[in-house]
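Here is the naming used below: chain letters follow the sequence lines, and residue numbers restart at 1 for every chain.
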Amino acid sequence: MQRFRYLPEVTTLKLNAGACVGCGMCEAVCPHTVFAVHERKARIVDLDGCMECGACAINCPAEAITVTPGVGCAGYIIQSWIKGKENAACGGPGCC
Amino acid sequence: MTDPFKTRDCCPSKSSAGGCETSTISLMDHMPSNEPCCGPDLACASRPDERPGYILWHFVDKFIRTPAGPVPQVQTQLTRRDVRGNLAVRLGINRFEYKVAPGLYCVGTPGAEAPVVVTANYKLTFDAVRRSLHCRDAWILVLETHGINVWCAAGKGTFGTQEIIRRVKATELAQVVNHRRLIVPQLGAVGVAAHLVSKGCGFKVIWGPVRAEDLNEFLAAGNKAGPQMRKVTFTLWERLVLVPVEINNLGRHLLWLTLALFVLSGIGGGIFSITAALERSVMGLAAVAAGILAGAVAAPVLLPWLPGRAFAVKGTVTGAVAGLLVLILFWARAGTLELLALLCFTVALSSFLAMNFTGSTPFTSPTGVEKEMRKAIPVQLLAVGLSAVAWIGAGFAG
């Protein structure tokens, strides 16, 4: 995915290295290899590769990762502006 | 292991064409009562697994007995009917009703040690999974995701921790298998917290590959996913198959756009001219078509090669090219104001549609998309406004 890069320096992803227990779950679930574990500590190696899907945060047993997860979809965001976050959907009924 | 190439079909000559729908009740009493009057298709009798009130899926071979009750054994080769359904859904037909019932399925003849693969109940996804398990003995645990694929459903939480726990309990999976492992697609991690699944139902989550097609290799390697199985891709083909749905989604909006175009095109010195409305609408529709081709086809396909990170910028580039082609097409026929309107509209539409494609990609972050939209939408609206003013102005000038 190195060919596909989106806007830099926008992601809300944060890693609290102090709380990390080095389980490697973040590295396993990230679809963009944002994390790498070295000597039982996770490090962010490609921050701008993050698409804020949130997989790492919910799978971190130490709650060392925070990110504002969401759908990176213009249609969805327009709806959330108009109807509010709770009622927004990105396409047809029950779309993703 | 059973022969995986052996197909079980009660009705080989008319397997899926629905050739058995005519009544087989004999009205003439001189005919033998078990022979249908309108053809000797006795092979089309109901299958033993069929029950009143249910339709048996064509991909179910039979039901196998387990301590938790009968489990459907499904085929690992897609039939023409599956391929047709999958093609239709790619075009946006029946997209939100394309699902299988959640619960436990199997391929081959799995025993208590066979792996359990978890997936969504979108039939396109389910088909990809059973196909990838060709020649394998495995259980497939299908979650209720309301006919949505794994990644999108996980984003919404329907492919999630609670649903896995609920489904493991409802299917009594612990009675069917001796081990306590679930192979969950990696993209499901957006909704599934592995440590909570383990706490909730005693099954350990093993993250499987991103793509179903890698499942066979993953299982062969002893449940190990190589780096390539862990990363999402967005190949030319993966982008191309999304285009029909992008266009399909425009349907309703196009109708309104055409109507608005017709009205705006007719306004002029003589209050409203049907002739002008029709003549000028054609030019406007050409700009609409050019904008769609540029924004919803060219931009997705050419994505990695177009300049700029923001999709609105990429769409502006393709839109400018398409807009210039529209100008060349109508250069002799249209006035300056009209040409300006056509160019502005083509570019704005293309830019907007390309921006909308963010939702179909596997790498755009919501914070980024919102940032891009806050900058791009005012510019796009300005271009559309300018285009409308120029178009109406040309009506009065011409």
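- Interface remark: of the candidates A:Thr68, A:Thr11, A:Thr12, A:Ile77, A:Ile77 forms the most heavy-atom pairs closer than 4.5 Å to chain B.
- One side chain, B:Thr364 or B:Thr361, offers a donor N or O that lies under 3.5 Å from an acceptor on the other.
- Under the 30°/60° scheme for interplanar angles, the aromatic rings of B:Phe357 and B:Phe234 are found to lie parallel.
- The residues A:Asp48 and B:Arg309 are annotated as not salt-bridged, no charged nitrogen and carboxylate oxygen being separated by less than 4.0 angstrom.
- With chain A as partner, the option from B:Thr145, B:Val192, B:Ile377, B:Thr158 having the largest number of non-hydrogen pairs under 4.5 angstrom is B:Val192.
- With a threshold of 4.5 angstrom between heavy atoms, A:Cys30 approaches chain B through N, CA, C or O but not through any side-chain atom.
- Put simply, of B:Glu372, B:His195, B:Lys371, B:Met355, the one with the most heavy-atom pairs under 4.5 Å next to chain A is B:His195.
- With a threshold of 4.5 angstrom between heavy atoms, A:Cys60 approaches chain B through N, CA, C or O but not through any side-chain atom.
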Q.
Assess the residue pair B:Val117 and B:Val129 against the criterion (side chain to side chain contact (heavy atoms under 4.5 Å, CB included)); give the C-alpha distance rounded to whole Å, side-chain angles, the decisive distance to 0.1 Å, and a yes or no.
A. CA-CA 8 Å; B:Val117 175; B:Val129 170; 4.0 Å; yes
Q: For the pair A:Ile58 and A:Val29, evaluate side chain to side chain contact (heavy atoms under 4.5 Å, CB included) and give the outcome as yes or no after the intermediate values.
A: CA-CA 10 Å; A:Ile58 84 158; A:Val29 297; over 6 Å; no
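- The parts of A:Cys53 that come within reach of chain B are both its backbone and its side chain, each placing non-hydrogen atoms under 4.5 angstrom from that chain.
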